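Notes follow once the structure below has been shown.
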Amino acid sequence: MPQFTPPNPDFENYLRGRFSLQKAMQTIGATLGEILPGEVTINLPFHEKLTQQDGFLHAGIVTTIVDSACGYAAFTLMPLGSRVLSVEFKVNLMSPAVGERFVAIGKVIKTGRTISVCSGEVFAVQCEESKLVALMQATMIRIEK
């Protein structure tokens, strides 16, 4: 993975503050995990209210957490006063999302002045064993406030 230097030396605290404003993440019970320059982890405990008809974590929820992980990964490399939005993404749902908890990891592959290309993975964790259940490729855009 490329090594990145964030323009904001306090990027972790800034990102945590911005994440705390995310009502969608609060609603589903997602929390931030590890934050590195160009890489962010989001954790989600299993909750029955987030499942589809067969009891699997809903594909929309899987997509939500990995989209946010990719967006916040890109955000770690943006200057203060920036906002980040998804421009496009593709998700491969590789296995039913069954687990006690889920971990989404977003990573910046390439960043530019306004556009960042990211990859994301979602793992289902059951009895401390993880299984890859989804992959994402995403493009994020930096917007000035």
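Numbers here are sequence positions counted from 1. Hydrogens, waters and symmetry mates play no part in the numbers below; they use all other heavy atoms, side chains included. Just so you know, these numbers come straight off a predicted model, no measurement behind them.
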Checklist entry - For the ring pair Tyr14 and Phe75, is the centre-to-centre distance below 6.0 Å? => result yes
Item to check | Student check: side-chain heavy atoms of Ile141 and Val84 closer than 4.5 Å | outcome: no
Next on the checklist: I'd like to know if the side chain of Glu88 pairs up with that of Thr139 as donor and acceptor (distance under 3.5 Å, no hydrogens or angles considered).
Outcome noted: yes
Next on the checklist: Evaluate Phe102 against Leu57 for side chain to side chain contact (heavy atoms under 4.5 Å, CB included), listing each step before the verdict.
Outcome noted: CA-CA 9 Å; Phe102 302 88; Leu57 189 68; 3.7 Å; yes
Checklist outcome for this item: Interatomic distance, OG@Ser95 vs CG@Leu132, rounded to 0.5 Å, equals 7.5 Å
Item to check | Nearest-0.5 Å distance that lies between atom OG1 in Thr114 and atom CD1 in Ile143 | outcome: 10.0 Å
Checklist entry - Are side-chain heavy atoms of Lys107 and Ser119 found at a separation under 4.5 Å? => result yes
Item to check | Value rounded to 0.5 Å, distance of CZ in Arg83 from CE in Met78 | outcome: 11.0 Å
Checklist outcome for this item: Closest non-hydrogen contact found for Val125 with Ser130 is CG2-CB, 4.0 Å
Checklist outcome for this item: Here the pair of heavy atoms bringing Leu93 nearest to Ala59 is CD1-CB, 3.6 Å
Checklist entry - Short question: side chain of Glu48, backbone of Thr51 - any donor-acceptor pair under 3.5 Å? => result no
Item to check | Joint hydrophobic cluster, Leu50 plus Val62, side-chain heavy atoms closer than 4.5 Å | outcome: yes
Checklist entry - Between OH of Tyr72 and CD1 of Ile35, what distance do you get to the nearest 0.5 Å? => result 10.0 Å
Item to check | Inter-residue atom distance Met136.CE - Ser86.OG, 0.5 Å rounding | outcome: 7.0 Å
Checklist entry - Any link between Phe89 and Val117 through a network of hydrophobic side chains (Ile, Leu, Val, Met, Phe, Trp, Tyr) touching at under 4.5 Å? => result no
Checklist entry - How long is the span from the SG atom in Cys70 to the CD atom in Glu39, to the nearest 0.5 Å? => result 10.5 Å
Item to check | Heavy-atom donor-acceptor pair, Glu12 side chain to Leu36 backbone, under 3.5 Å | outcome: no
Checklist entry - Does Leu135 share a hydrophobic cluster with Val91, counting links as ILVMFWY side-chain heavy atoms below 4.5 Å and allowing steps through other members? => result no
Item to check | Heavy-atom check, side chain of Pro37 versus side chain of Phe11, under 4.5 Å | outcome: yes
Checklist entry - Are Phe123 and Ile105 side-chain neighbours, meaning at least one heavy-atom pair lies under 4.5 Å? => result yes
Checklist entry - Are Leu80 and Leu15 joined in one hydrophobic group, where the rule is that I, L, V, M, F, W and Y side chains link up if heavy atoms are under 4.5 Å apart? => result yes
Next on the checklist: Holding to side-chain contact (heavy atoms from CB on, under 4.5 Å), I want the full list of residues that pass it with Ala73, two or more places apart in sequence or in another chain.
Outcome noted: Val40, Val108
Checklist entry - After noting the C-alpha distance and the side-chain angles of Thr31 and Ile42, does the key distance pass the side chain to side chain contact (heavy atoms under 4.5 Å, CB included) rule? => result CA-CA 6 Å; Thr31 58; Ile42 293 178; over 6 Å; no
Next on the checklist: Between Ile65 and Ile28, is there a side-chain heavy-atom distance shorter than 4.5 Å?
Outcome noted: yes
Item to check | Short side-chain to backbone donor-acceptor contact, Thr76 and Gly38, under 3.5 Å | outcome: yes
Next on the checklist: Working note: Lys110 + Ser116, criterion side chain to side chain contact (heavy atoms under 4.5 Å, CB included); need CA distance, chi angles, decisive distance, verdict.
Outcome noted: CA-CA 6 Å; Lys110 183 169 187 333; Ser116 295; over 6 Å; no
Next on the checklist: So Arg142 and Pro79, do their side chains get closer than 4.5 Å, heavy atoms only?
Outcome noted: yes
Checklist entry - Would you call Leu44 and Arg101 a side-chain contact if the rule is heavy atoms closer than 4.5 Å? => result no
Item to check | Taking every non-hydrogen atom, the tightest pair across Ala30 and Phe19 | outcome: O-CE2, 3.9 Å
Next on the checklist: Treating Gln126 as the side-chain partner and Glu100 as the backbone partner, does any N or O pair qualify as donor plus acceptor under 3.5 Å?
Outcome noted: yes
Checklist entry - Pick from Asp67, Thr111, Leu85: which one makes a side chain to side chain contact (heavy atoms under 4.5 Å, CB included) with Met140? => result Asp67
Checklist entry - Can you find a heavy atom in the side chain of Gln22 that is under 4.5 Å from one in the side chain of Leu32? => result no
Next on the checklist: Donor-acceptor pair, distance only, cut-off 3.5 Å: does the side chain of Asn92 make one with the backbone of Met94?
Outcome noted: no
Next on the checklist: I need the minimum non-hydrogen distance between Val122 and Ala104, along with the two atoms involved.
Outcome noted: CG2-CB, 4.1 Å
Checklist outcome for this item: Closest heavy-atom pair, Pro7 versus Leu77, reported as atoms and distance to 0.1 Å, is CD-O, 3.3 Å
